[in-house]
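By convention in this document, chain letters (A, B, ...) are assigned in the order of the sequence lines, proteins followed by strands, and residues within each chain are numbered from 1. All figures in this text were calculated on a predicted structure; none of them were measured in a lab.
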Amino acid sequence: MCGMQVKIHGEPMSKQKRTAIEPTRADNYAEWYQQVIKAADMAENSEVRGCMVIKPWGYAIWENIQRVLDGMFRETGHRNAYFPIFIPKSYFEKEAEHVEGFAKECAVVTHSRLEDDGKGGLKAAGELTEPYIVRPTSETIIGASFAKWVNSYRDLPLLINQWANIVRWEMRTRLFLRTTEFLWQEGHTVHETAEDAMEETRKMLDVYAKFAREYLAIPVLTGEKTESEKFPGAVNTYCIEAMMQDKKALQSGTSHFLGQNFAQASQIKYQNREGDFEYAWTTSWGVSTRLIGALIMAHSDDNGLVLPPKIAPSHIALIPIYRDDEEKKAVLEACHEIEEIFQRQYFEDIRIYTELDDRDLTGSERNWYWIKKGIPLRIEVGPRDVAQRAVMLARRDLEARDKKSVPIADLKEEVLKSLREIQDHYYNNALSFREENTRKIDDQKEFYRYFTPKNVNQPEIHGGFAASHWCGAAACEEKIKEDLKVTIRVIPFDMPEEAGSCIACGKASQKRAIFAKSY
RNA sequence: CGGGAUGUAGCGCAGUCCGGUUAGCGCGCUCGGUUCGGGACCGAGAAGUCGGAGGUUCAAAUCCUCUCAUCCCGACCA
């Protein structure tokens, strides 16, 4: 223990300095992240290595993500279907790059039953003739179906989405960001031409970007991945990339143009207008429960989770305050009146939910409970308020004590206005944070200084995004990665052409890429 | 899989180096009372085969061996 971290026993920290989450983001970002999840009661590690239990408050966020995205997929012409969790090993072997990319993280099912092992336990028995892979992604198993479904150009485009669970046997896991099993959606589409497939790839990336910006209030960069970062088997990978509060990048969604690679592997062929057989062009695109990790790290503060209203499981905590039965009766009556106001009330396209918290706890405890859960608004109702036909309204984006009295008659309007302001506030905060921590760097020494922590063993929050020139050589990318653990996160679409010299080798470059440390 | 660390009550920890009554502390929990609009207080109480197995010893949370698990750092990754 170093001197700075010694706790002062018997001497409570001053009230003003106290934060609901310890340590703070500045003190230990990784630990802060775990504590936010715990304090908000979103998820926990299960007994199963690397797997998480998603608790109701966390799962409700995922359900909201599903609901909104599913609507957007449907509007863009996609339909949901479901394919097996098990993929025969032989399917998997058909696409060489794909195999290489995923082989090291596959869970393999080799037996079909259990038998008494004679020692009071069980042993696996009934070995399968062909092992099954638990899907790490479904291109190959879906491709097997698509090969049957696609016969003519008239069958195209084929626009399918699947909501599923995925298993990738990762070495190190972190709640929401990287778990052995995770939930996601994977879109898989088949097209007649390369142009059509590319258009689809870009369209779905735009859907993700719009969703991230408008619902998660996360500003994302959109662009292309480099060869070394692209999806195994893809021709091009596009992504949405976001900056977290520790200034690291988080890949939050990807959309892949698969060319004819998987069509050839799975024999997805169609007869064209001339009667000739051609391989189709496919795409795939996905976002996962990692988005919840992005949400946490983009907005939350030292008092816990911060949720944009458009994705929050609930929007208003109703906190009645009373001392005796008489006050209780009057106060609860007012609470029910408020619940009525918001019953089936919408904030734009989002249904408003309220949480009446009548637990036998002090007002402060209940307030802090909901602050830590990130609920956008808190409404306190006490005897004084009831007498005035008003309530005290508090916002998660303001100080805990910062409350204002609102007449019940004006409450609905005030709440709707506040939710919009909170949503915008979070987006603008995240955007200015990213802008403040993004720099154009042309000097190699400056680039290295930017990404080098003072203490390597306990790296402090440093650096950010660097917009620097890159010549396009894989070796230069690799060198930067070796030296600094910094990678090219994205080559943004909106990055203008501009003459410069590669940050690694000094050779001529026409464009900047975004370099950063990442999750 | 390499390097480091840790397993003691629901949670967080002390005690282990140097073996010795009934294994402590804080939070939480239960009951009673005073409180309640800014993370309350007083009193009482319940809760632990000290990760597991084996060994040394009159005596093991403590020493030895093995084992299992978790966390952190690397390589891998949505």
Side-chain angles (χ1 to χ4, degrees), chain A residues 1 7 9-10 12-13 15-16 18-20 22 28 30-31 34-35 38-39 44-50 100-106 136-137 166-174 176-186 208 225 228-232 237 239-242 249-256 284-294 303-304 319-324 327-328 331 359-372 378-386 390-392 394 399-403 405 456-459 481-482 485 487 518-519:
Chain A
M1 274 290 148
K7 285 180 197 159
H9 294 285
M13 286 163 95
K15 286 215 163 155
Q16 286 179 343
R18 182 172 173 190
T19 56
E22 282 177 8
N28 184 344
E31 179 62 20
Q34 307 286 349
Q35 293 304 324
K38 194 171 169 183
E44 61 193 20
N45 279 306
S46 81
E47 308 284 304
V48 183
R49 186 196 194 104
E100 201 191 326
F102 285 106
K104 281 173 285 182
E105 49 191 78
C106 285
T137 181
I166 288 295
V167 169
R168 293 184 189 173
W169 214 269
E170 303 286 357
M171 291 297 177
R172 263 174 69 200
T173 58
R174 288 184 78 186
F176 292 115
L177 295 176
R178 182 172 302 108
T179 47
T180 301
E181 180 188 12
F182 59 94
L183 306 180
W184 81 346
Q185 92 12 249
E186 48 184 324
Y208 289 155
K225 285 288 187 192
S228 71
E229 297 277 328
K230 76 176 173 56
F231 177 75
T237 289
C239 65
I240 55 171
E241 203 76 22
L250 183 72
Q251 177 175 309
S252 309
T254 46
S255 186
H256 315 291
S284 69
W285 28 274
V287 295
S288 71
T289 36
R290 172 178 261 198
L291 281 179
I292 299 174
N303 285 327
I319 303 173
I321 288 158
Y322 51 81
R323 264 164 294 199
D324 52 43
E327 285 182 350
K328 178 176 179 176
V331 163
R359 289 176 298 171
D360 184 21
L361 297 170
T362 66
S364 308
E365 279 179 295
R366 285 176 290 161
N367 260 302
W368 283 100
Y369 173 87
W370 290 106
I371 289 170
K372 285 183 275 192
R378 306 186 305 282
I379 292 176
E380 287 177 25
V381 185
R384 291 204 299 269
D385 304 308
V386 173
V391 296
M392 296 302 288
E399 291 296 314
R401 276 159 221 239
D402 194 347
K403 294 179 295 187
S405 183
V456 179
N457 295 324
Q458 175 98 46
K481 187 178 179 181
E482 283 285 306
K485 290 179 206 156
T487 50
S518 72
Y519 280 94

If the [atom1] atom of [N] is compared with that of [M], how far apart are they to the nearest Å?
| N | M | atom1 | answer |
| --- | --- | --- | --- |
| G26(B) | U22(B) | P | 22 Å |
| C25(B) | A14(B) | P | 16 Å |
| G37(B) | A78(B) | C1' | 46 Å |
| C13(B) | G55(B) | C1' | 30 Å |
| U57(B) | G19(B) | P | 16 Å |
| A53(B) | G15(B) | C1' | 24 Å |
| A60(B) | U8(B) | C1' | 14 Å |
| C29(B) | A46(B) | C1' | 9 Å |

Distance check needed: [N] [atom2] versus [X] [atom1], whole Å only.
| X | N | atom1 | atom2 | value |
| --- | --- | --- | --- | --- |
| Asn45(A) | C71(B) | CG | P | 6 Å |
| Arg172(A) | G74(B) | CZ | C1' | 8 Å |
| Ile371(A) | G37(B) | CD1 | P | 14 Å |
| Gln34(A) | G12(B) | CD | C1' | 16 Å |
| Asn28(A) | C72(B) | CG | P | 10 Å |
| Lys38(A) | G10(B) | NZ | C1' | 11 Å |
| Lys230(A) | A78(B) | NZ | P | 12 Å |
| Phe176(A) | A78(B) | CZ | C1' | 14 Å |

Check every strand shown and say whether [X] touches a base, only sugar-phosphate, or nothing at a heavy-atom separation below 4.0 Å.
| X | value |
| --- | --- |
| Arg366(A) | nothing |
| Leu177(A) | base |
| Glu170(A) | base |
| Ala20(A) | base |
| Tyr369(A) | nothing |
| Thr179(A) | base |
| Lys225(A) | nothing |
| Ser288(A) | base |

May I ask you to test the [X]-[Y] pair for a side-chain heavy-atom distance under 4.5 Å?
| X | Y | value |
| --- | --- | --- |
| Thr237(A) | Glu229(A) | no |
| Lys230(A) | His256(A) | no |
| Thr137(A) | Phe102(A) | yes |
| Tyr519(A) | Gln251(A) | no |

Of the non-hydrogen atoms in [X] and [Y], which two are nearest, and what is the gap between them?
| X | Y | result |
| --- | --- | --- |
| Cys239(A) | Lys225(A) | SG-CE, 3.6 Å |
| Ala400(A) | Ile371(A) | CB-CD1, 3.8 Å |
| Ala20(A) | Asn303(A) | N-OD1, 3.0 Å |
| Glu380(A) | Asp385(A) | O-OD2, 3.6 Å |

Tell me, what's RNA chain B's dot-bracket, Watson-Crick or G-U with both distances under 3.5 Å, | for other-strand, [ ] crossing?
((((((((.[[[[.)....(...]]]].((((((.....)))))).....[[[[[..)....]]]]])))))))....
One pair to check against side chain to side chain contact (heavy atoms under 4.5 Å, CB included): Trp169(A) and Lys104(A). What are the steps and the verdict?
CA-CA 8 Å; Trp169(A) 214 269; Lys104(A) 281 173 285 182; over 6 Å; no
Show the numbers, then the answer: is there a side chain to side chain contact (heavy atoms under 4.5 Å, CB included) between Arg366(A) and Ile321(A)?
CA-CA 10 Å; Arg366(A) 285 176 290 161; Ile321(A) 288 158; 4.1 Å; yes
Protein and nucleotides 26-36 of chain B: nitrogen or oxygen contacts under 3.5 angstrom:
| from | atom 1 | to | atom 2 | distance (Å) |
| --- | --- | --- | --- | --- |
| C36(B) | N4 | Arg323(A) | O | 3.3 |

Dump the intermediate steps for side chain to side chain contact (heavy atoms under 4.5 Å, CB included) on Val386(A) and Glu327(A), then the final yes or no.
CA-CA 9 Å; Val386(A) 173; Glu327(A) 285 182 350; over 6 Å; no
Sequence neighbours excluded, which residues qualify as salt bridge (charged side-chain N to carboxylate O under 4.0 Å, His left out) partners of Arg359(A)?
Asp357(A)
Is there aromatic stacking of Phe182(A) against A78(B), centre distance under 5.5 Å, plane angle under 30°?
yes
Closest-nucleotide 5' rank along RNA chain B - winner of Glu380(A) and Gly101(A)
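The 5'-side residue here is Glu380(A).
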Quick check: on RNA chain B, is the nucleotide nearest Gln251(A) upstream (toward 5') of the one nearest Pro383(A), or the reverse? Name the residue that is more 5'.
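This one resolves to Pro383(A).
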So, is Lys372(A) close to the G39(B) phosphate, meaning a side-chain N or O under 4.0 Å from OP1 or OP2?
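Looking at the OP1 and OP2 atoms of G39(B), neither is under 4.0 Å from any side-chain N or O of Lys372(A).
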